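I have placed the structure first, in the form of structure tokens, so that the comments after it can refer back to it.
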There are 2 protein chains.
Amino acid sequence: MAKIKRDGILREANCTEELLAMRDSLDVLGGKWKLMILRFLTNRTHQIIHFKKMQREIEGISAKMLSKELKDLEVNLLITRVVQDTRPITVAYSVTEYGKSVLPVTETLVQWGLNHREKIIESV
Amino acid sequence: MAKIKRDGILREANCTEELLAMRDSLDVLGGKWKLMILRFLTNRTHQIIHFKKMQREIEGISAKMLSKELKDLEVNLLITRVVQDTRPITVAYSVTEYGKSVLPVTETLVQWGLNHREKIIESV
DNA sequence: CATAATAGTTTCTTTTAGGTAACTAGTAAC
DNA sequence: GTTACTAGTTACCTAAAAGAAACTATTATG
């Protein structure tokens with residue numbers, strides 16, 4: 001966590017920097033699917049993951065969105081795409097080392113989601 | 001981090017649960033502004049924060065979006081809204097204890113954003 | 001009475017996200 | 001030749017997100 005400095009102005013400047021950094025993160029990782037896809041691939045690091053398999057297992061995603069999001073993630077060096085010479089052709093997706101650096105983000109979101117669901121249930 | 005179990009089926013079931021939890025988180029915290037607003041308010045916990053001040057300091061947000069996002073956050077018990085009897089009227093926003101539970105999420109996003117910017121700079 | 005401040009709301013418009021369904025292309029099994 | 005599988009793409013459409021600008025209401029100042 002960022003240090004809380006005594007000087008109010010410094011603390012506020014620091015906050016502005018933090019918000020800019022968060023904006024950068026959200027530009028790359030934001031939206032409905034990118035973090036879901038990264039989490040899925042990270043959980044499957046030692047398996048070969050094909051397009052159709054992802055589409056089946058990431059609930060609700062369409063071929064169009066999956067294709068588009070995978071391209072975005074590849075451009076940002078978070079995943080790799082390898083065409084395999086099988087019949088029929090298959091394409092193996094996997095998370096890169098850099099992509100694994102997103103794990104702390106998805107982990108806090110998973111934990112918060114679990115906690116949130118508990119909170120909702122107990123408040124009924 | 002979630003335990004990696006020996007049994008493939010259990011691991012995959014576990015992954016599905018994780019994705020559902022993440023979907024819950026993203027439903028509440030997703031979008032362009034909510035995490036930014038929560039981070040801002042958390043960084044300002046010991047100050048009184050007014051609507052106009054937020055609009056000035058969270059770069060790029062419009063009054064309409066700020067108003068809408070604050071309502072959503074209030075409904076989800078993440079922030080409080082207190083009208084103050086001043087002339088002209090002011091409204092004080094602050095993060096709730098529950099809202100503070102989002103801090104780990106914003107913190108990982110801030111850190112990832114800082115790291116990502118470094119990576120981009122050194123790759124040029 | 002004009003100006004300015006707070007805290008929004010309203011209207012209008014554009015942009016983006018996202019969904020559905022049909023379609024391509026290659027190959028293999030029946 | 002028909003069906004089925006992979007891995008997408010394309011076209012069409014709707015809904016949601018988002019932005020800009022004008023506007024409301026209240027009160028104080030000059």
Side-chain angles (χ1 to χ4, degrees), chain A residues 19-20 22-38 40-41 44 47-76 78-95, chain B residues 19-20 22-38 40-41 44 47-76 78-95:
Chain A
L19 292 190
L20 289 174
M22 225 164 82
R23 172 56 60 225
D24 289 345
S25 291
L26 293 175
D27 284 346
V28 177
L29 305 173
K32 191 170 174 181
W33 297 113
K34 291 200 181 71
L35 288 169
M36 302 281 280
I37 292 169
L38 284 174
F40 179 81
L41 286 178
R44 294 282 198 289
Q47 293 172 51
I48 292 170
I49 300 297
H50 304 310
F51 187 90
K52 284 285 172 187
K53 182 160 188 168
M54 296 183 72
Q55 205 195 328
R56 278 191 300 265
E57 296 197 30
I58 300 176
E59 204 174 297
I61 198 164
S62 67
K64 184 185 110 177
M65 286 309 297
L66 182 54
S67 172
K68 188 213 152 214
E69 300 290 69
L70 288 172
K71 275 179 198 161
D72 290 349
L73 292 170
E74 202 191 350
V75 164
N76 282 305
L78 297 165
I79 65 169
T80 55
R81 177 185 186 276
V82 178
V83 179
Q84 295 183 307
D85 190 17
T86 53
R87 311 294 128 126
I89 248 176
T90 50
V91 178
Y93 290 96
S94 53
V95 67
Chain B
L19 293 190
L20 288 173
M22 224 165 82
R23 170 60 58 229
D24 289 346
S25 291
L26 294 175
D27 284 347
V28 177
L29 305 173
K32 191 168 173 179
W33 296 114
K34 291 199 181 70
L35 288 169
M36 301 281 280
I37 292 169
L38 284 174
F40 179 81
L41 286 177
R44 294 284 199 287
Q47 294 171 50
I48 293 169
I49 300 295
H50 305 309
F51 187 90
K52 283 288 173 184
K53 181 162 191 169
M54 296 183 73
Q55 205 195 327
R56 278 191 299 265
E57 297 197 30
I58 299 177
E59 203 173 298
I61 197 165
S62 68
K64 185 184 108 177
M65 287 308 299
L66 182 54
S67 172
K68 189 215 151 214
E69 300 290 71
L70 289 171
K71 275 178 198 162
D72 291 347
L73 291 171
E74 201 191 352
V75 164
N76 282 306
L78 296 166
I79 65 167
T80 54
R81 178 184 185 275
V82 178
V83 178
Q84 295 182 308
D85 191 19
T86 53
R87 310 296 129 121
I89 248 177
T90 51
V91 178
Y93 289 96
S94 53
V95 68

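Chain A is the first sequence line, chain B the second, and so forth, proteins listed ahead of strands; every chain is numbered from 1. Bear in mind the structure is a predicted one, so any value in this text is a computation, not a measurement.
In this structure, the CD atom of A:Gln55 is 13 Å from the P atom of C:dA21, given to the nearest Å. One can place CD1 of B:Ile49 at 11 Å from P of C:dA7, the figure rounded to the nearest angstrom. Per the geometry, CD1 belonging to B:Ile37 stands 14 Å off P belonging to D:dA17, to the nearest Å. Whole-Å rounding puts the B:Asp85 CG to D:dT26 P distance at 14 Å. Spacing between atom CG of A:Leu26 and atom P of D:dA17 amounts to 15 Å, rounded to whole angstrom units. Following rounding to the nearest Å, A:Leu66 (CG) and C:dG19 (P) show an atom-to-atom distance of 11 Å. One interatomic measurement links the two molecules: CE of A:Met65 to C1' of D:dT10, which rounds to 15 Å at whole-angstrom precision. Here D:dA17 presents its P atom at 8 Å from CD of B:Glu69, a figure rounded to the nearest Å.
With the nearest nucleotide of DNA chain C identified for both B:Phe51 and A:Trp33, B:Phe51 has the one nearer the 5' end. Comparing B:Lys53 and B:Lys64 against DNA chain C, the residue whose closest nucleotide sits nearer the 5' end is B:Lys53.
Evaluation of atom-type donor-acceptor distances gives no pair under 3.5 Å for the side chain of B:Lys52 against the base of C:dG8. With hydrogens and angles ignored, no donor-acceptor pair closer than 3.5 Å exists between the side chain of B:Lys68 and the base of D:dA17. Looking at A:Lys32, its side chain has no donor and acceptor atom pair within 3.5 Å of the base of C:dG18.
A:Ile48 places none of its side-chain heavy atoms less than 4.5 Å from the side chain of A:Thr90. Two residues are said to be in side-chain contact when any heavy atoms from C-beta on lie closer than 4.5 Å; B:Met65 and B:Lys32 fail this criterion. Residues A:Glu69 and A:Met36 have side chains not in contact (no heavy-atom distance under 4.5 Å, counting atoms from C-beta outward).
Among D:dA7, C:dT27, C:dG19, the nucleotide with an atom closest to any side-chain atom of A:Ser62 is C:dG19. For B:Ala63, the side-chain atoms get nearest to C:dT9 when compared with the rest of D:dA7, D:dG19, C:dT9.
Note on A:Ser67: a side-chain N or O is less than 4.0 Å away from OP1 or OP2 of D:dT9. The phosphate of C:dT6 has neither OP1 nor OP2 within less than 4.0 Å of any side-chain N or O from B:Tyr93. Note on A:Lys71: a side-chain N or O is less than 4.0 Å away from OP1 or OP2 of D:dT9. One finds a side-chain N or O of B:His50 lying less than 4.0 angstrom from the OP1 or OP2 phosphate oxygen of C:dA7. For C:dA4, neither phosphate oxygen OP1 nor OP2 lies less than 4.0 angstrom from any side-chain nitrogen or oxygen of B:Arg87.
Nearest approach of B:Phe51 to B:Leu66, heavy atoms of both residues: O-CD2, 3.7 Å.
One finds a salt bridge joining A:Glu57 and A:Arg44 here, because a Lys/Arg side-chain nitrogen approaches an Asp/Glu carboxylate oxygen to under 4.0 Å.
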